[in-house]
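See below for the structure under consideration.
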Amino acid sequence: MGRDLRPRAGYPRAMGWRQMTPWGGGLHLRGGVLFLASGRLREEFGEPVAALEWLRAFRSRYCGRKHAQWYCSDLETIWRWLFVADGHTVERLGTRAVPMWSASCQVCAHWGHTHFRDVRSWVSDVSELQDAEEIDTWRQSVALELHELGGSMRGTGSGSGHTLWRETYNHARKWKVGPGDAEHHDWCRRAYYGARTSVHQVGIIARRGHVPGRLARQTRAPVHILPDGLRLWRIDQRSAFPAAMGGRLPWVWSEVEPRWNRDLPNGIVEGLVRVGAPDCLPLRVRGAKRGWRQCWGLPGQRVRGVWTATTLREAERLGCEVEEVTRAVSYRVDYRPLQELTGAVYQRARGLRGPVKDAVKSLSRRLYGRFATSRWRYSWMHIRDYLAGGYKHTPRYQVGRWVYVADPEPTYPATSQPTWAAEITSRVNITLRRVESALRGAGLPVYYSDTDSVLFGAPQGETAPFEVPDDVERRVGPELGQWRVEWSGDWAILLGPKW
């Protein structure tokens with residue numbers, strides 16, 4: 001079976017539904033969809049321009065005018081090698097011949113009718129999807145599960161999740177981005193901060209007599225001994241974001257008050273807040289444009305920013321005082337548009353295993369990612385226009401005299417819902433803070449927290465896994481949104497928060 005597929009060698013020889021590729025994997029041609037296993041790139045393929053010509057020839061012969069999709073396990077490596085490694089590629093072929101990268105997700109690129117997809121847009125661990133046959137089997141299994149849920153498989157997990165909700169579970173039939181101009185949505189999105197990661201102790205934390213000496217010498221990390229009788233535990237919330245998505249969300253299309261009505265559960269508020277007790281909910285403040293900084297709960301500190309009404313109610317419960325409100329919107333109508341979807345997806349995923357379970361279970365979370373989408377998009381730009389435009393952000397890539405730079409679109413994507421994204425994230429952060437506060441209130445040390453998990457020290461229980469406050473113990477269980485023990489051990493090393 002020949003492996004020299006460069007244009008001068010002619011078209012790849014027909015080998016039924018499978019063709020060998022320079023990536024050491026295989027091509028699957030089934031139903032007009034092309035599946036590519038990336039593997040390790042080989043240098044025998046030649047320069048990227050030759051690769052582009054081969055792709056062009058392959059597409060014209062096998063795909064015609066129909067849309068074709070390429071799935072692989074390492075799209076970014078292939079994209080860099082084929083289209084960025086050679087500094088003259090863009091100059092020789094022009095920007096239209098180079099696939100366009102979709103936003104900053106690193107999982108999708110487009111080249112005419114051909115769509116390059118990365119299986120990481122579906123699963124977080126691709127170790128079991130390194131072969132073309134494995135990818136093909138995984139795709140068919142995911143497509144079957146989506147069919148059972150009432151949907152169909154799209155190019156990415158977020159697209160499939162949004163289509164499933166929009167066409168099957170969205171009984172209100174409203175789904176496009178709410179009314180208002182881009183400035184209004186930018187302001188609402190300032191209340192969306194994403195999840196947070198906190199490291200309260202850096203170094204090696206271990207029980208007495210269980211310090212990993214060799215690791216401590218190699219890393220020269222400080223060693224912290226757990227109090228006697230305690231053991232390290234890491235608990236994790238089952239699908240934190242889907243659980244929060246099942247709550248009541250605002251009807252953003254009408255019945256909006258241009259003020260903060262404290263009798264209504266949902267809203268966006270901008271104002272000045274005086275922080276209360278040290279154990280207060282950490283209030284974040286989004287900085288200029290795309291940046292943000294985090295302000296911790298220092299007693300007496302005044303913080304100005306934009307938050308959801310849910311966040312401010314929790315802050316007031318903990319002793320904060322809202323001194324001034326400069327802008328606000330409140331929503332009179334709220335409903336549960338995502339509860340049925342998140343419940344169905346979670347129950348469907350419980351009986352699955354491996355990458356198929358990961359793909360199905362992540363549908364709700366990736367749908368939430370669609371709601372949080374901004375209006376920033378990446379595009380090719382001549383470096384002359386980039387310098388003249390006064391852009392403050394560093395380009396993602398530079399190829400010859402062209403740069404790949406982020407630029408705001410005039411409008412938000414139709415699938416974006418900044419208010420929903422802000423509300424969902426507020427609930428996740430509040431749940432995490434309440435668990436941390438309950439553990440600290442019982443005198444248990446908390447070392448690390450990340451979005452939906454907490455690492456802490458606690459004694460081992462006689463009937464339950466550990467001895468923790470009732471507020472935490474009631475949260476442990478097998479259902480959506482409940483917590484579970486993910487790990488327990490004698491020592492751990494914390495190097496810092498993840499990025």
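Predicted model, so just to flag it, every value in this text is computed and none were measured.
- Among residues two or more places apart in sequence or in another chain, the side chain to side chain contact (heavy atoms under 4.5 Å, CB included) test is passed with Ser426 by Thr308, Thr311.
- Once rounded to the nearest 0.5 Å, the distance linking CE of Met245 with CG of Leu341 reads 6.5 Å.
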Working note: Leu495 + Thr219, criterion side chain to side chain contact (heavy atoms under 4.5 Å, CB included); need CA distance, chi angles, decisive distance, verdict.
CA-CA 10 Å; Leu495 303 179; Thr219 60; 5.7 Å; no
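- Taken from OH in Tyr346 to CG in Leu480, the straight-line distance is 6.0 Å, to the nearest 0.5 Å.
- Of all heavy-atom pairs between Gly150 and Thr168, the closest is O-OG1, 2.8 Å.
- Listed for the Trp420 side chain is a donor-acceptor partner under 3.5 Å among the backbone atoms of Pro250.
- No side-chain donor-acceptor contact under 3.5 Å links Trp175 to the backbone of Glu167.
- Taking OG1 from Thr156 and NE2 from His162, the interatomic distance works out to 11.0 Å, rounded to the nearest 0.5 Å.
- Between Glu479 and Arg350 there is a salt bridge, since a side-chain N of the basic residue sits under 4.0 Å from a carboxylate O of the acidic one.
- Looking at Arg375, its side chain never comes within 3.5 Å of a backbone N or O of Pro408 through a donor-acceptor pair.
- In this structure, the separation between CZ on Arg484 and CD1 on Ile235 is 11.5 Å, given to the nearest 0.5 Å.
- To the nearest 0.5 angstrom, Thr415 atom OG1 is 9.5 Å from Trp165 atom CH2.
- Judged purely by atom type and a 3.5 angstrom limit, Arg238 uses its side chain to pair as donor or acceptor with the backbone of Gly477.
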Side chain to side chain donor-acceptor pair (under 3.5 Å) for Arg189 and Ser374? Distances and angles first, verdict last.
CA-CA 8 Å; Arg189 200 173 185 276; Ser374 71; 4.6 Å; no
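- With salt bridges taken as basic N to acidic carboxylate O contacts below 4.0 Å, none links Glu436 and Arg433.
- Taken to the nearest 0.5 Å, the CZ atom of Arg365 stands 13.0 Å off from the CD1 atom of Ile424.
- Under a 3.5 Å cut-off, the side chain of Thr163 and the backbone N or O of Ser160 do not form any donor-acceptor pair.
- Distance alone, capped at 3.5 Å, places no donor-acceptor pair between the Arg154 side chain and the Gly159 backbone.
- At distances below 3.5 Å, at least one donor-acceptor pair connects side-chain atoms of Ser488 with backbone N or O atoms of Leu232.
- The aromatic rings of His184 and Trp187 lie tilted to each other, with the angle between the two planes from 30° to 60°.
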